[in-house]
Amino acid sequence: MRYEVTTPKRQVAMVLDLNKCLGCHTCSVACKKLWNTDSGTDYTYWNNVETHPGRGFPADWQQTGGRTATGDVKQGKVPNLDTEYGRAWQFNHKNVIATDASSKKKDWLRPKGDPSWGPNWDEDEGTGTYPQDNHYFYLPRLCNHCAEPACLDACPRKAIYKRDEDGIVLVNQDRCHGYRFCVEACPYKKVYFDHERQVAAKCIFCMPRIEEEVAPACARQCPGRLRFVGYRDDEDGPIHKLVEKYKVAIPLHPEYGLKPNVFYVPPMSPPKLDDKGRPTGESRIPMSYLEGLFGKEVHRSLEILHAERAKKKQGQSSELMDLLIAYDWNDNFKLDNPKAREVI
Ligand code: SF4
Ligand code: SF4
Ligand code: SF4
């Protein structure tokens with residue numbers, strides 16, 4: 001089933017520069033503390049940060065869901081709570097605190113039970129051979145507030161909708177009957193199920209903050225200053241410059257066909273080394289891997305980034321590099337929206 005999604009008056013969007021992510025998880029914690037600490041959502045992370053190459057969160061999320069060639073929502077699956085999401089772990093804090101400092105037998109902090117997966121299970125593992133081509137990078141992920149959301153199409157209750165004033169995709173939990181078709185359908189696995197309240201729950205793009213023209217918590221708290229937030233149609237704003245003007249910010253898995261409104265500046269990796277330790281000029285992160293995540297546009301994006309960086313190194317000016325450096329974090333966000341104020 002495919003429902004009509006009307007084009008919103010404006011579309012709010014986010015760009016994340018993967019060259020600057022520290023993997024600190026401040027974004028995930030900021031989101032979680034603000035929006036979902038209830039027991040039914042303890043396993044969920046509306047924002048998560050995963051290491052690539054890696055299986056991600058939930059494990060192997062890239063292998064299910066999306067659309068068919070004719071545009072219909074593919075039948076995905078609900079990830080398993082133990083083996084693909086990983087339950088919120090309980091720890092042996094009491095035993096550790098009770099350990100006598102003089103005792104030879106120490107009890108180390110460890111999770112109770114025998115967990116087999118979790119949000120950061122394969123963090124920093126990466127791949128390759130040191131020192132020739134070992135590599136990894138961080139990929140922070142949140143709902144893409146897609147222009148053509150599969151979650152919305154999949155809901156027979158029409159409980160999911162896209163706001164007219166800013167294009168944020170929301171769940172009306174009063175209408176939701178907990179069928180989880182949206183969880184199955186979202187190929188990014190960014191709708192979760194609240195096991196306590198038996199309803200779907202997802203990133204709300206910090207909608208109450210957006211209404212006050214304040215950046216989302218995950219973006220505002222990011223110490224790497226790598227997140228940019230604004231409206232797609234604001235030609236003076238960072239989103240328009242990075243996506244439309246310089247074309248360096250590109251969506252994750254464009255081939256899913258959902259037209260995401262979260263974009264990424266892909267990672268520029270150092271070169272591989274030969275067996276004598278000399279740089280070969282070949283990208284340490286294989287281009288085939290980046291193409292698998294971001295599609296063919298990643299080649300053009302990286303070419304532009306390398307060219308602009310070279311200009312900056314030679315002392316020439318580069319609006320793009322200045323924007324990405326983010327000298328003043330206030331410049332990362334431009335959220336004035338008189339049109340939204342008319343609607344609210
Ligand atoms: Fe829906 Fe998933 Fe797109 Fe978010 S990323 S709007 S949950 S289809
Ligand atoms: Fe969480 Fe807000 Fe970021 Fe969405 S935009 S992931 S709700 S902090
Ligand atoms: Fe990366 Fe910023 Fe999140 Fe830290 S807060 S993990 S730097 S996106």
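Read the numbers this way: they start at 1 and go in the same order the structure lists the ligands and their atoms. These numbers come from the heavy atoms of this one structure, side chains and all, not from hydrogens, waters or symmetry mates. Quick note: residue numbers are just sequence positions, from 1.
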- Any salt bridge between Arg10 and Asp166, counting N to O under 4.0 Å? no
Ligand 2 to Ile204, heavy atom cutoff 4.0 Å, flagged ligand atoms 7 (S)
The answer, listing residues by chain and number that come under 4.0 Å of ligand 3 through any heavy atom, is Cys21, Leu22, Gly23, Cys24, His25, Thr26, Cys27, Val49, Pro140, Cys222, Pro223, Leu226, Arg227
*asked:* Between Glu319 and Lys245, does any side-chain N to carboxylate O distance fall below 4.0 Å?
replied: yes
Can you tell me if Cys143 has an N, O or S atom under 2.8 Å away from atom 2 (Fe) of ligand 1?
no
Of Phe193, Tyr43, Trp121, Trp117, the one forming a ring pair (Phe, Tyr, Trp, His ring centres under 6.0 Å) with Tyr85 is Tyr43
In ligand 1, the atoms that come under 4.0 Å of a heavy atom of Val191 are 7 (S)
In Glu308, Lys313, Arg309, the residue satisfying side chain to side chain contact (heavy atoms under 4.5 Å, CB included) with Lys311 is Glu308
One finds that the ligand 2 atoms under 4.0 Å from a non-hydrogen atom of Trp46 are 7 (S)
Under 4.0 Å from one or more heavy atoms of Leu258, ligand 1 contributes atoms 8 (S)
Q | atom 3 (Fe) of ligand 1 reached by Cys146 (N, O or S, under 2.8 Å) | A | yes
Honestly, for Pro216 the part within reach of ligand 2 (heavy atoms, under 4.0 Å) is side chain
* Salt bridge present between Arg197 and Asp194 (N-O < 4.0 angstrom) -> yes
Ala150 heavy atoms within 4.0 Å reach ligand 1 at atoms 8 (S)
Start with the C-alpha gap between Asn47 and Ser28, add the side-chain angles, then the distance that decides, and say whether side chain to side chain donor-acceptor pair (under 3.5 Å) holds. CA-CA 5 Å; Asn47 183 105; Ser28 305; 3.1 Å; yes
Parallel, tilted or perpendicular: which fits the ring planes of His253 and Tyr256, with parallel below 30° and perpendicular above 60°? parallel
inquiry  = Between His135 and Phe137, is the ring centroid distance below 6.0 Å?
reply    = no
Is any side-chain heavy atom of Asp322 closer than 4.5 Å to one of Lys312? yes
State whether Glu84 and Arg55 are salt-bridged, where the test is any N-O pair (Lys NZ or Arg NE/NH1/NH2 against Asp/Glu carboxylate O) under 4.0 Å. no
| query | For atom CD of Gln316, is the number of surrounding heavy atoms from other residues, nucleotides or ligands below 6.0 Å larger than 12? | reply | yes
In ligand 1, the atoms that come under 4.0 Å of a heavy atom of Lys202 are 4 (Fe), 7 (S)
For Tyr188, the atoms of ligand 1 under 4.0 Å from one of its heavy atoms are 5 (S)
